[in-house]
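Below is one structure, written out as structure tokens; comments come after it.
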Amino acid sequence: MRYSNYFIPTYKEVPSEAEVISHQLMLRAGMIRKLTSGIYTYLPAGLRSIKKVEDIIREEMNRAGAIELLMPAVQPGELWQESGRWEYYGRELLRFKDRHNRDTCLGPTHEEVITDLVRREIQSYKQMPINFYQIQTKFRDEIRPRFGLMRGREFIMKDAYSFDVDEEGANRSYEAMYEAYSRIFQRCGLRFRAVEADTGAIGGSYSHEFMVLAETGEDQMINCTKCDYAANLERAEIRGGDDRFEAGNTPMKPLEEVDTPDIKTVEEVTSFLGISEDQLIKTLIFVADDEVVAALVRGDQELNEAKLKNLLGAQMVELASPELVAEATGAPMGFAGPVGLKTKMVADLAIQGMRDFVTGGNRNDLHLKNVNLARDFSIDRFGDLRMITPKDSCPRCGEEIKFGRGIEVGHVFKLGTKYSQTLKALFLDEQGKERHIIMGCYGIGVGRTVAAAIEQNHDKDGIIFPIPISPFEVTILPLQMHDAAVVEAAEKTYRELLDHHIDVLMDDRDERAGVKFKDADLVGIPVRVTVGSRGAKEGQMEIKLRSESETMIVSIREASAIIEEKVKGLYDSLK
RNA sequence: CGGGGCGUGGCGCAGUCUGGUAGCGCACCUGCUUUGGGAGCAGGGUGUCGGAGGUUCAAAUCCUCUCGCCCCGACCA
């Protein structure tokens, strides 16, 4: 490709709208432009990167036995009503009516469509296992799009769906995808980690997120410093025993009412009563699929909504509105407590060992002291409901854990029969018995992968692309376009590299040397070849890697062979 | 949806408080010089000051409404 015949509009200045480095650099390097909030045009160089990631994904998916197809972006609401998600997916699902007034939506994910296809086409155990994937534009009407391609509303995603006859087969499919994902991100030059994750709105029973390690990441995760346990924050289990307190044999003190005028928050109550936060129980009122539920956690700990949802087996949990809290407890927000409360009650395990604690009194300006389990109230169900903290230890081995941040670039789920049940995807087994197909689903954010790679690979001058996903592998900079010797040497090398199928950008613009250097660094092309008047006269040119500071001087005659070696070496380093 | 901020030439911004004929840098066009790390000089073009309404002799500036964007939070593969 010749630069003069191409389009890479670079910026010298940082656009004010961009906060994170990958967003800034993608704008500055002329890779993307924003159309409106969360919606971007991929400019030619950006598209090249995207395509390279897609190609790597295709290769590895095909290698893992998955089959590519392409499903529609526009989907009938009817299907979503059938799966039940029309109601539960929330406002992220962009809905509208077509001219016949039919409910319609833009696909944020494709479980419904693929399951519909499979239930029509797959009847027999002989047709499985099978795994379909596509690389396609998704639309999710995110509450708050941000950080450029990191969280867009319209974005390119690879989604795959596996179909198996039994649990064992489903596990094999899951493992195959897990392996494929590891290879994909390895080849993209990313430092990543697979962590256990909650299943969220997609549903299902088991999942891993592939996290690219980055301080600017939106997701928090923990990992064990000793064993290989790693999980995202929502998922991270609490080690049994960490919260065990010795209740002791001292008798329980009598229940006592205390006036707490306008004292609501944990800090206010504890300082007013002169107690520590772990002597208090927070009573949080939730709505879980239309049912009001009270969830109890220790005052110094934080409730984990994902765990609450799982414990209740609910589709959706939401913190109750102040009006609903008043209705359920008989008191304004801030005075809820378990004693005398009529709603269903669940509690974190840490509550079990507590003795003589403080709770709200379900009356305005009232708290209760010396409250005790069993004597004063009972709990419908106990479970691990709280957020993990740095003080906790690894749930597997008990060693120290570490907190980190990451960017979620991929997610693999075991879906089980969630969708094959609601959408009635059945097959006949060897005995001629009708059974539900066992599913898995697997996603990769393609644009986000490029953004994450930039987040991990850049310096003050710009992007330092891992070669497999760089828009170009090599750029040639003839510094004096009016010097025939320079142009000739550059053209010769350019032709030779093209002949060897190297992706090379020839900067044939009539620009000053500084401009060409700055642009090459900004765009982050991994191998830079410089041809200058002095060198050309002596039959030499320079090779420099974007990731290194040394420059290598080679003869024009050998240049293309050495460049090819360099390119190969960069690829090999990511195997 | 709650809180905060911002909309002035393609980009980055000043001007708004205190109303008086819209400016700077970069970019762009022409010419000359320059030519290995975002050149210099000279000349030039570029704006319904996000939109609508109002106050005023006069509005980028004051008032009302509205649209959009960004950040924090809630929320979310």
Side-chain angles (χ1 to χ4, degrees), chain A residues 9-20 23-24 27-28 30 33-39 85 88-93 107-111 138-148 150-153 155 157-160 197-204 207-211 218-219 232-235 305-306 309 316-319 321-322 407-413 415 441-449 460-462 477-483 486 507 509-523 528 530-536 541-542 544 551:
Chain A
T10 56
Y11 292 152
K12 246 199 268 196
E13 287 165 303
V14 180
S16 60
E17 69 184 44
E19 193 79 0
V20 300
H23 188 196
Q24 291 175 359
L27 288 167
R28 287 190 57 206
R33 288 293 181 262
K34 185 177 73 182
L35 177 63
T36 185
S37 179
I39 301 184
R85 285 207 294 185
Y88 286 115
Y89 207 91
R91 283 181 296 278
E92 250 182 75
L93 179 65
T109 175
H110 280 63
E111 283 81 10
K138 297 280 186 281
F139 193 91
R140 294 184 188 177
D141 203 355
E142 292 281 351
I143 230 163
R144 182 144 92 89
R146 58 184 131 182
F147 305 154
M150 210 81 99
R151 180 170 295 278
R153 293 194 292 162
F155 59 101
M157 174 167 158
K158 187 285 305 178
D159 46 326
D198 191 67
T199 50
I202 301 284
S207 88
H208 280 90
E209 286 174 347
F210 284 78
M211 295 284 208
E218 289 189 275
D219 300 293
N232 72 12
L233 217 53
E234 285 192 323
R235 171 77 184 188
E305 277 189 38
K309 196 175 110 181
M316 209 159 63
V317 296
E318 209 178 8
L319 211 52
S321 64
I407 301 162
E408 180 193 351
V409 289
H411 204 156
V412 294
F413 292 86
L415 288 176
C441 78
Y442 318 92
I444 292 179
V446 177
R448 194 184 272 187
T449 298
K460 64 172 175 37
D461 294 314
L477 311 186
L479 296 185
Q480 295 84 15
M481 290 305 291
H482 52 85
D483 182 333
V486 167
D507 193 347
R509 293 175 300 172
D510 190 13
E511 288 286 355
R512 299 165 60 85
V515 174
K516 295 188 180 188
F517 285 133
K518 287 290 185 190
D519 277 342
D521 286 347
L522 180 58
V523 177
R528 186 182 83 189
T530 307
V531 191
S533 289
R534 285 194 301 274
M541 54 176 75
E542 297 160 25
K544 182 185 167 299
T551 298

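A, B, ... follow the sequence lines: proteins, then strands. Residue 1 opens every chain.
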Within the side chain of [X], is there an N or O that forms a donor-acceptor pair under 3.5 Å with the backbone of [Y]?
X	Y	answer
A:Q24	A:A18	yes
A:K158	A:Y442	yes
A:T10	A:G30	no
A:R28	A:V14	no
A:R153	A:D141	no

Exercise for review: May I ask you to check whether over 12 heavy atoms, not counting those of A:E17, lie within 6.0 Å of atom CD?
Suggested key: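 Buried by this count: over 12 neighbours within 6.0 Å.
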[N] OP1/OP2 closer than 4.0 Å to side-chain N/O of [X]:
X	N	result
A:S37	B:C70	yes
A:R144	B:C72	yes
A:S16	B:C11	no
A:R512	B:A39	yes

Counterpart base for [N], defined by Watson-Crick or G-U wobble contacts under 3.5 Å:
N	value
B:U48	none
B:G68	B:C6
B:G20	B:C57
B:C1	B:G73
B:C32	B:G40

For atom [atom1], what is the distance between [N] and [M], given to the nearest Å?
N	M	atom1	value
B:C24	B:G45	P	13 Å
B:C41	B:G4	C1'	46 Å
B:G10	B:G3	P	33 Å
B:C6	B:C13	C1'	12 Å
B:G38	B:C11	C1'	14 Å
B:C28	B:U21	C1'	26 Å
B:C26	B:U66	C1'	33 Å
B:C32	B:C70	P	45 Å

Practice item. Could you check A:K544 against A:G445 and say which one's nearest nucleotide on RNA chain B is further toward the 5' end? Key: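 Looking at the nearest nucleotide for each, A:K544 comes out on the 5' side.
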Exercise for review: With RNA chain B as reference, determine whether A:S533 or A:D219 sits nearer its 5' end, using the nearest nucleotide of each.
Suggested key: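 Taking each residue's closest nucleotide, the earlier one in sequence belongs to A:S533.
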Contact class for [X] vs. all strands (heavy atom < 4.0 Å): base, sugar-phosphate, or nothing?
X	value
A:F155	base
A:D521	base
A:L319	nothing
A:E92	sugar-phosphate
A:R33	nothing
A:G532	base
A:K516	nothing
A:R91	nothing
A:E542	base

Point to revise | Salt-bridge present (A:R528, A:E542; N to O < 4.0 Å) | key: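 Not counted as a salt bridge, because no side-chain N and carboxylate O are separated by less than 4.0 Å.
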**Study point:** Exercise: do A:E111 and A:T109 side chains pair donor with acceptor under 3.5 Å
**Key:**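 Distance-only check passes for A:E111 and A:T109.
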Point to revise | Partner residues of A:R509 under the side chain to side chain contact (heavy atoms under 4.5 Å, CB included) criterion, sequence neighbours left out | key: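 Side chain to side chain contact (heavy atoms under 4.5 Å, CB included) check on A:R509 returns A:Y3, A:D507, A:E511, A:V515, A:K516, A:D519.
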Nearest-Å distance for atom pair [atom1]/[atom2], residues [X] and [N]:
X	N	atom1	atom2	answer
A:E209	B:A77	CD	C1'	8 Å
A:I143	B:A77	CD1	P	11 Å
A:M481	B:U34	CE	C1'	18 Å
A:M150	B:C70	CE	P	15 Å
A:R534	B:U35	CZ	C1'	12 Å
A:E17	B:G68	CD	P	16 Å
A:D461	B:G38	CG	P	11 Å
A:D510	B:U34	CG	P	15 Å

Practice item. Using only heavy-atom distances, decide whether a donor-acceptor pair under 3.5 angstrom links the side-chain of A:R146 to the base of B:C71. Key: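 For A:R146, whose side chain was compared with the base of B:C71, there is no donor-acceptor pair (under 3.5 Å).
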Practice item. Ignoring hydrogens and angles, answer whether the base of B:G12 and the side-chain atoms of A:R28 contain a donor-acceptor pair closer than 3.5 Å. Key: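 No.
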N/O contacts under 3.5 Å, protein versus nucleotides 23-28 of chain B?
from	atom 1	to	atom 2	distance (Å)
B:G25	N2	A:E13	OE1	3.1

Exercise for review: Please say whether the positively charged group of A:R33, taken as NZ for Lys or CZ for Arg, lies over the ring of A:Y11, i.e. under 6.0 angstrom from the six-membered ring centre and within 45 degrees of the axis.
Suggested key: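 Judged by the rule, A:R33 and A:Y11 form a cation-pi pair.
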Identify which nucleotide among [options] has an atom closest to any side-chain atom of [X], counting heavy atoms from C-beta outward.
X	options	value
A:T36	B:C11, B:G68, B:G38	B:G68
A:E19	B:U34, B:C71, B:A74	B:C71
A:K34	B:A77, B:C70, B:G68	B:C70
A:R448	B:G37, B:A77, B:G38	B:A77
A:F147	B:C71, B:G36, B:G38	B:C71

Exercise for review: Decide ring pair (Phe, Tyr, Trp, His ring centres under 6.0 Å) for A:F413 and A:H411; before the verdict, give the C-alpha distance in whole Å, the side-chain angles of both, and the deciding distance to 0.1 Å.
Suggested key: CA-CA 7 Å; A:F413 292 86; A:H411 204 156; 4.0 Å; yes
